[in-house]
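Just so it is clear, the values below take in all heavy atoms, side chains as well, and ignore hydrogens, waters and symmetry mates. Here is the naming used below: chain letters follow the sequence lines, and residue numbers restart at 1 for every chain.
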2 protein chains.
Amino acid sequence: MSNGTGPYVCGIDAGMDVVGGKWKALILWALDHEGTLRFGQLKRQVPGVSEKMLIQQLRELEADGIVHREVYREVPPRVEYSLTEMGEGLNEALGPLGAWATRHMDQILAAKHRDVA
Amino acid sequence: MSNGTGPYVCGIDAGMDVVGGKWKALILWALDHEGTLRFGQLKRQVPGVSEKMLIQQLRELEADGIVHREVYREVPPRVEYSLTEMGEGLNEALGPLGAWATRHMDQILAAKHRDVA
DNA sequence: CGGTATCCACTAAGATACTG
DNA sequence: CAGTATCTTAGTGGATACCG
């Protein structure tokens with residue numbers, strides 16, 4: 001996801017690299033609003049995601065220190081995902097972006113329809 | 001870049017869709033710091049980008065109302081790119097994300113090295 | 001329940017060559 | 001100078017089937 005020319009040019013570049021996956025924003029948002037979630041619950045909160053993608057994105061977020069994965073060795077198995085402190089900070093940092101997009105939602109949607117047509 | 005399940009689930013989702021291209025953050029950053037730039041100047045400010053990708057990302061940003069493209073019909077041709085008001089707003093909204101990433105840069109870089117290895 | 005593994009389609013991205 | 005056109009490759013994402 002980076003440009004490969006060594007370290008990042010700016011913080012935004014690095015930030016986009018962390019949160020830039022197709023489903024990551026949605027995962028972050030779900031964990032922020034619902035708190036700790038099991039795998040199955042999380043899947044329901046992110047409609048349309050496949051198990052493969054959900055796992056993949058969760059593993060990347062975990063590697064980046066954004067989400068915490070807690071395994072309970074029970075029958076049936078239970079795994080819970082939650083935001084770390086760093087993840088909560090990331091969510092706060094994304095707040096203004098969300099607000100901006102909400103403010104300009106009509107234009108964003110209009111542009112999107114145009115390139116579909 | 002969206003999940004295709006209709007409108008966006010949240011603003012962050014929509015925002016990521018606008019700024020989520022591989023080079024868009026860098027383009028935004030360059031235009032914000034340098035002001036109006038010609039195509040060639042912009043290319044030098046975004047090291048490693050191909051002309052094809054630069055054009056493509058610029059066209060998408062233009063369609064989203066983020067950058068303004070001004071063509072001067074001269075010889076040799078001159079085209080200048082600048083941020084719109086909406087684009088400047090987007091840049092401000094990305095500020096906290098950049099700050100967050102800068103704050104956690106070491107962990108981000110560490111995670112990145114780990115999955116290279 | 002919470003994953004893995006495999007295969008396949010699609011798109012994003014890069015290299016190169018050419019044009020108004 | 002500022003693109004366009006074409007081809008090729010790498011990576012992303014989805015469907016399906018199976019496992020502890």
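- B:A101 and A:A14 get closest at one heavy-atom pair: CB-CB, 4.0 Å.
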Polar atom pairs between nucleotides 15-20 of chain C and protein, under 3.5 Å, N or O only, would you list them?
none

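- Taking only side-chain nitrogens and oxygens, B:Y81 never comes nearer than 4.0 Å to OP1 or OP2 of D:dC1.
- The side chain of A:F39 sits closest to C:dG2 out of C:dC1, D:dG14, C:dG2.
- Listed by chain and number, the residues in a salt bridge (Lys or Arg N to Asp or Glu O under 4.0 Å) with A:E80 are A:R78 (sequence neighbours excluded).
- Atom CD1 in A:I55 sits roughly 13 Å away from atom C1' in C:dA5 (whole-Å rounding).
- Residue pairs satisfying the salt bridge (Lys or Arg N to Asp or Glu O under 4.0 Å) criterion with at least one member in residues 82-105 of chain B, sequence neighbours excluded, are absent.
- For residues 65-72 of chain B, proximity to DNA chain C is found at no residue, defined as any non-hydrogen atom under 4.0 angstrom from a strand atom.
- Here the side chains of A:E62 and A:L58 are not in contact, with every heavy-atom distance at 4.5 Å or above.
- Sorted by first then second residue, the ring pair (Phe, Tyr, Trp, His ring centres under 6.0 Å) pairs that include residues 38-96 of chain A, not counting sequence neighbours, number zero.
- Across the protein-nucleic acid pair, A:Q56 atom CD and D:dA15 atom P stand 14 Å apart, rounded to whole Å.
- One end of the helix from C:dC1-D:dG20 to C:dG20-D:dC1 points its axis 50° away from the other end's axis, with each axis taken from 5 pairs and the angle rounded to 10°.
- Following rounding to the nearest Å, A:Q41 (CD) and C:dG3 (P) show an atom-to-atom distance of 13 Å.
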In residues 25-38 of chain A, what donor-acceptor pairs under 3.5 Å come from side-chain atoms, sequence neighbours left out?
{"from": "A:W29", "atom 1": "NE1", "to": "A:H33", "atom 2": "NE2", "distance (Å)": "3.2"}
{"from": "A:R38", "atom 1": "NH2", "to": "A:P77", "atom 2": "O", "distance (Å)": "3.4"}

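- C:dA13 atom P lies 4 Å from atom CE of B:M53, rounded to whole Å.
- Closest to the side chain of A:R59, out of D:dG3, C:dT4, D:dG14, is C:dT4.
- Residues B:Q56 and B:W23 are not in side-chain contact: their nearest non-hydrogen atoms beyond the backbone lie 4.5 Å or more apart.
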Extract all donor-acceptor atom pairs below 3.5 Å that involve side chains of residues 44-51 of chain A and protein atoms in other chains or at least two apart in sequence.
{"from": "A:S50", "atom 1": "OG", "to": "A:M53", "atom 2": "N", "distance (Å)": "3.2"}
{"from": "A:E51", "atom 1": "OE2", "to": "A:K43", "atom 2": "NZ", "distance (Å)": "3.4"}

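- When B:N91, B:D64, B:I66, B:L94 are each tested for a side chain to side chain contact (heavy atoms under 4.5 Å, CB included) with B:V19, only one passes: B:L94.
- Straight-line distance from the CG atom of B:L54 to the P atom of D:dC1: 14 Å, rounded to whole Å.
- Within the 4.0 Å cut-off from OP1 or OP2 of C:dG2, not a single side-chain nitrogen or oxygen of A:K43 is found.
- Distances shorter than 4.0 Å separate none of the side-chain N or O atoms of B:R38 from OP1 or OP2 on D:dC1.
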